[in-house]
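Notes to accompany the following structure.
These values consider heavy atoms only, across backbone and side chains, with no hydrogens, waters or symmetry-generated copies. What you see is a predicted model, and the numbers here were worked out from it, not measured in a lab.
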Amino acid sequence: MDYSKPEIIEKKWQLEWENKKIYSQYQKNKEKIYILEMFPYPSGKIHMGHLRNYTIGDVVARFYRNNNFNVMHPMGWDSFGMPAENAAIENNLNPKEWTEKNIENMKKQLKSIGLSIDWGKEISTCSEEYYKQQQNLFLDFYKAGIVYKKDSYVNWDPEDKTVLANEQVIDGRGWRSGALIEKKKLSQWFLKITDFTKELFDDLKNLSEWPEKVKTMQKNWIGISRGVEIRFKITNTTDCINVFTTRPETIFGASFLAISVEHNLADLFEQNEEFRIFKEKCLKLQSQEIDNNEKLCFFTNLFAENPFTGEDVPIVFTNYVLIGYGTGAIFGCPAHDKRDFEFAKKYNFKILPVIEPPLDSKQKIPYVDIEEKAKLINSYFLDDLNPKIAQEKIVKKIEEKKIGKVKTVSKLRDWGISRQRYWGCPIPIIYREDGKIIALEKDELPVRLPEDIDLSKPGNPLDNHPTWKYTKCKKTGMNALRETDTLDTFFDSSWYYLRFCSPKNDKIPFDNKNVSDWMPVDHYIGGIEHAILHLLYSRFFCRALKKSSYNVPSEPFKKLVTQGMVCHETFKDNSGKWVEPHKVIKKENEYFYKKNGSLEVLIRGRSEKMSKSKKNVIDPDIIIKEFGADTARLFMISDSPPERDLEWSVEGIKATYKYLKKIFDFLKNDFTFIIEISNEKIKNFSEEEIKIFKISQKTIFEYTDDIKNYRFNTAVAKLREYSNVLQKTSLNKTLKNYCWSIYLKLISIITPHFCEEIASHSGFNKFVSELDWPVMNKDYLKEENVKMVVMVNGKKRGLVEVLSNTDQEKLIEIIDKEKNIFVSKKDKFKKIIFVKNKIINFVK
RNA sequence: GCGGCCGUGGCGGAACUGGUAGACGCGCAACGUUGAGGUCGUUGUAGGAGUUAUUCCUGUGGAAGUUCGAGUCUUCUCGGCCGCACCA
């Protein structure tokens, strides 16, 4: 037996586990725990990010399994989406084939990591079974009024020829294609996520086990702010314009009304050629160039009456007021708003200060702060008040005069779910020849995707299909056209965690009983890149499902863990081309590589997220083949805390392998795996052996605590300390066997195959993976002696070893006796600080 | 611009509620063992001083503060990373 080919050992144990189905057994008498990692998109191969994500999840799942929990740890595939369609076009095959082939390969890869997954619960969102149930949910949402259709400007991706949600547009470009996004008006399906804005915002505070960072990002995304809506009369008409502001107290400084080009008022100017050009330009700027803050202005020749001063101020259209926020109209107060200030300066609007900053304020005009010492000026009844009080007063006045009301607005928009693509879930809707929109009956599901599809033509493939969309209304027999849009894939991933509770049920999306047994997901682990979209949509789904009378919790994920990226060093040659790190020759802080037989100097870049473009990717498959999954797992877990980025290094992986090999060689002879050790035997141990026994108890305690708290790196450090001690000390056979068996049980959640192999070689005939977690004997956790720090004036002056819980009097006595510590008489000191078992500080 | 996170050896990182800074590992160095290989073992490894010892001084981006005591708390400042971005 040796450890030169871990892959062979690992295959063997993976098969054994699978044959005995040890990861698909459930025991209802135990407490449940649902551990889930974000399911992968089947791109074809797993990458280091997957390896890290699934290793973390697996360590946790194994930990709870061994700690007497009823664990659910399933896996599935987020298998609808654009890449399948693109790959199908390139390789002239069907997206379904491509996807299924990828799933097969990735499943094999995932299995080679040795994950404790119940593959019996495997789901795939592109399967008919899954999307049938999804259509079911769509119909329920339709009935509950959560899904609706409306015309709207959409983000149009000219390359993918599809619509994107706001959050799928990054810096003005499509999140997948990278193409510049255009605004286009289309009829689209929407989910009413805005019905839940307040809940989604307020309930964030209850998510105590979510990272603050994610909660902050969601808060900012939802972007709730309280303010006032004020009505301005358009001069010489009966029409009004409502504006939204959070600074109503600055109303006396208003010098214009600025209105979005998409505001209703723009309808009046439809015939105006100049305006149409202006509007076009604004829309283009808004959707594209992110750094362009150029403010455009279109004078309307209309005026509005300031309800407090009676003054007429000009109404203008501009690109810097957005239709999607507030009312799409504002009053401009240039003296106290940076944007209004910029705009006013450019177009010569009056700039009237209405708040006087405190004398010590660094801010000049525009003064935008709200400070205690600031006071209102030029504002009639508000003069001399501080802005906060002025605000309260003016709000009251506005309400009294019935010209406006307090209002809370949000940045959140309804979620557009229509996609003009083939490889997605068909929407179960038909358009009847009499013009009616008809939702299908549940017994008409699933609406299947046709397999004979031509993806080569631009536009929507389902719409292009010769026959698919032609159908008849079941009730009336009238001709009808199917909805040819498919659902956004974020729809698929918004409820998959519920489907895992009853993955085989072909009648309903999920079973209430099973959902109440398993939900919520106790630990949800995945990348930070889903902090907003996927997580917010999932939170919304649960609320929407509740409203559609499903029995689900409103928060799907109890604890959220966002793991960092896997990074690797980067190199560039002098022409700026990236060079693979493994080709680099390192010589004393200089870097070279062989090019055409000669050595060329390289520039070392910073460590970056592994990506093909930077040529710094490492294929997990190769690592597993060379060093084994256990080595890869241990390295992934031990080098840095899960939420931080992980620096990949060849040295690190090699050292990890060497470590496992060393332990393996050490234990392969003369070791017997045992589960327990009798109290009788402990009594006969020597003092030295008791010390080791104590260390083992302490290790169990601290390691367990670290794992529970996701401090895997320190957990591994403690384990290494433990094995270092064990290797250096000669122990009686019983104790040696015991201590190393503890070690194996502890590390088995990280390196399961390794442990099974050693244990079985050492006479154990069950699975270490199925053993209970080691129980520590608390009697041996207590330390008899402690080292206490002796300080004078807060500086360390020495250490004394004393019995634990020694009191101050006794300690001073001991210190007096120790000649090396120059503290003789306690009355010399002003004060003595004593912290039991920790420090004593003499203050002169 | 707004919001958040983070600055600790050559590197990744420890230090839980303020109480021995640098655990564990990488790298490096010395010695030993091997003598065709992804070695192995032992020891050392924050910097400086030194009478070489169970020694002293300085050290957690910088400045100040609170405290008997600060990597940890407070304020300012510099640097890095991430998110949002004309959100009224």
Side-chain angles (χ1 to χ4, degrees), chain A residues 4 171 211-217 219-221 223-225 227 243-247 250 258 285-286 290-295 318-322 324-333 336-340 342-343 368 409-411 528-529 531-532 564 567 589 606-607 626-627 635 638-641 643-659 662 665 702 705-706 709 711 713-722 724 728 787-799 818 820-821 829-835 837-844:
Chain A
S4 59
D171 292 348
E212 280 310 315
K213 183 182 170 147
V214 175
K215 287 191 277 185
T216 310
M217 282 166 78
K219 265 187 215 158
N220 291 342
W221 185 261
I224 284 183
S225 49
V243 304
F244 177 76
T245 181
T246 54
R247 301 289 302 272
T250 64
L285 276 178
Q286 266 171 33
I290 202 71
D291 287 333
N292 194 331
N293 275 2
E294 192 193 348
K295 291 179 174 54
T318 180
N319 60 327
Y320 87 92
V321 173
L322 309 171
Y325 191 77
T327 59
I330 60 155
F331 70 76
C333 178
H336 306 290
D337 182 285
K338 276 181 189 156
R339 297 148 302 182
D340 296 342
E342 213 180 292
F343 189 70
V368 299
V409 303
S410 161
K411 290 193 258 180
I528 187 79
E529 65 273 23
I532 296 170
C567 298
N589 291 334
R606 58 167 210 182
S607 179
E626 274 190 55
F627 300 100
F635 178 74
S638 57
D639 223 43
S640 43
E643 64 280 5
R644 242 187 271 181
D645 287 353
L646 175 86
E647 178 64 27
W648 175 268
S649 78
V650 197
E651 290 82 13
I653 197 87
K654 281 183 183 169
T656 308
Y657 173 73
K658 273 192 224 166
Y659 172 73
K662 194 166 85 177
D665 290 342
E702 291 182 345
D705 194 52
D706 279 351
N709 291 296
R711 293 189 298 256
N713 54 331
T714 54
V716 172
K718 275 157 201 160
L719 216 51
R720 291 183 92 127
E721 250 178 298
Y722 182 51
N724 288 347
K728 277 181 198 153
K787 280 177 186 160
M788 290 190 65
V789 181
V790 182
M791 290 173 141
V792 177
N793 284 337
K795 287 199 170 180
K796 185 182 146 194
R797 280 291 172 264
L799 285 174
E818 298 235 358
N820 275 331
I821 293 164
F829 300 101
K830 244 196 275 177
K831 205 164 153 190
I832 296 169
I833 311 283
F834 174 79
V835 182
N837 296 336
K838 290 221 162 120
I839 58 128
I840 184 157
N841 189 8
F842 298 92
V843 186
K844 276 184 187 165

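Between Thr318(A) and C86(B), a side-chain N or O to OP1/OP2 separation shorter than 4.0 Å is absent. Residue Arg797(A) has no polar side-chain atom (N or O) positioned under 4.0 Å from OP1 or OP2 of C68(B).
The base of G4(B) does not come close enough to the side chain of Glu212(A) for any donor and acceptor atom to sit less than 3.5 Å apart.
On the C1' atoms, C16(B) is 38 Å away from A85(B), given to the nearest whole Å. Across A70(B) and A64(B), the matching C1' atoms stand 14 Å from one another, rounded to whole Å. When the C1' atom is used for both U45(B) and A23(B), the distance is 15 Å, rounded to whole Å. Comparing U43(B) with C26(B), their P atoms sit 14 Å apart, to the nearest whole Å. C73(B) sits 16 Å from U60(B) when the C1' atoms are compared, rounded to a whole Å. Rounded to whole Å, the separation between the C1' atoms of A21(B) and G9(B) comes to 11 Å. Rounded to the nearest Å, the gap between the P atom of U58(B) and that of U77(B) is 29 Å. Comparing the C1' positions of C24(B) and U8(B) gives an interatomic distance of 16 Å, to the nearest angstrom.
The backbone N or O of Cys333(A) lies less than 3.5 Å from no partner atom in the side chain of Asp337(A), so there is not a single donor-acceptor pair. No donor-acceptor pair closer than 3.5 Å links the side chain of Thr318(A) to the backbone N or O of Val321(A).
When the P atom of C86(B) is taken as reference, atom OH of Tyr325(A) falls 12 Å away, rounded to whole Å. Going from atom NZ of Lys338(A) over to atom P of A88(B) covers 13 Å, rounded to whole Å. One can place CZ of Arg606(A) at 17 Å from C1' of C11(B), the figure rounded to the nearest angstrom. Regarding Met217(A), its CE atom lies at a distance of 16 Å from the P atom of G3(B), rounded to whole Å. Here C11(B) presents its C1' atom at 12 Å from CZ of Phe635(A), a figure rounded to the nearest Å. A straight line from NZ of Lys831(A) to C1' of C68(B) spans 6 Å, rounded to a whole angstrom. Nucleotide A88(B) holds its C1' atom 13 Å from the CZ atom of Phe343(A), rounded to whole Å. Atom CG of Leu646(A) and atom C1' of G13(B) are 11 Å apart (whole Å).
Nucleic acid contact for Lys654(A): base, since at least one base atom lies under 4.0 Å from a heavy atom of the residue. Residue contacts for Val716(A): at a heavy-atom cut-off of 4.0 Å it reaches no nucleic acid atom on any strand shown. Here Thr656(A) lies out of heavy-atom contact (under 4.0 Å) with every strand. Lys219(A) comes within 4.0 angstrom of nothing in the nucleic acid, heavy atoms only.
Looking at the side chain of Ala717(A), the nearest of the listed nucleotides C24(B), G41(B), C82(B) is C24(B).
Where pairing requires Watson-Crick or G-U contacts shorter than 3.5 Å, the helical stems of RNA chain B with at least three consecutive pairs are B:1-7 with B:78-84, B:10-12 with B:24-26, B:27-32 with B:40-45, B:46-49 with B:55-58, B:61-65 with B:73-77.
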At under 4.0 Å between heavy atoms, how does the protein contact nucleotides 14-21 of chain B? Give one character per nucleotide, 5' to 3', with B, S or -.
S----BB-
Contact string for nucleotides 25-37 of chain B, one letter per nucleotide 5' to 3', B = base within protein heavy-atom range under 4.0 Å, S = sugar-phosphate only, - = neither, reads SSS----------
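Trp221(A) has its side chain out of reach of Lys411(A): every pair of non-hydrogen atoms, C-beta onward, lies at least 4.5 Å apart. The side-chain heavy atoms of Val789(A) and Leu799(A), taken from C-beta on, include a pair separated by under 4.5 Å. Between Lys213(A) and Met217(A), the closest side-chain pair of non-hydrogen atoms falls below 4.5 Å.
If you take CE on Met791(A) and CD1 on Ile833(A), they are separated by 11.0 Å, rounding to the nearest 0.5 Å. Phe331(A) CZ to Asp340(A) CG: the interatomic distance, rounded to the nearest 0.5 Å, is 8.5 Å. The distance from atom CG of Asn841(A) to atom NZ of Lys831(A), rounded to the nearest 0.5 Å, is 9.5 Å. Rounding to the nearest 0.5 Å places CD of Glu721(A) at 8.0 Å from NZ of Lys718(A). If you take CG on Leu322(A) and CD1 on Ile330(A), they are separated by 10.0 Å, rounding to the nearest 0.5 Å.
In this structure, Phe343(A) and Tyr320(A) have tilted ring planes: the angle between them lies in the 30° to 60° band.
A ring pair (Phe, Tyr, Trp, His ring centres under 6.0 Å) with Phe635(A) holds for exactly one of Phe627(A), Trp648(A), Tyr659(A); it is Trp648(A).
Closest heavy-atom contact between Ser638(A) and Asn713(A): O-CB, 3.4 Å.
Taking 4.0 Å as the cut-off between side-chain N and carboxylate O, Glu212(A) and Lys215(A) count as a salt-bridged pair.
With a glycosidic angle further than 90° from 0, G37(B) counts as anti.
Residue order along RNA chain B, read from the 5' end via each residue's closest nucleotide, puts Asn793(A) first among Asn793(A) and Ala329(A). In terms of position along RNA chain B, the nucleotide closest to Val650(A) lies nearer the 5' end than the nucleotide closest to the other residue of the pair Val650(A) and Leu322(A).
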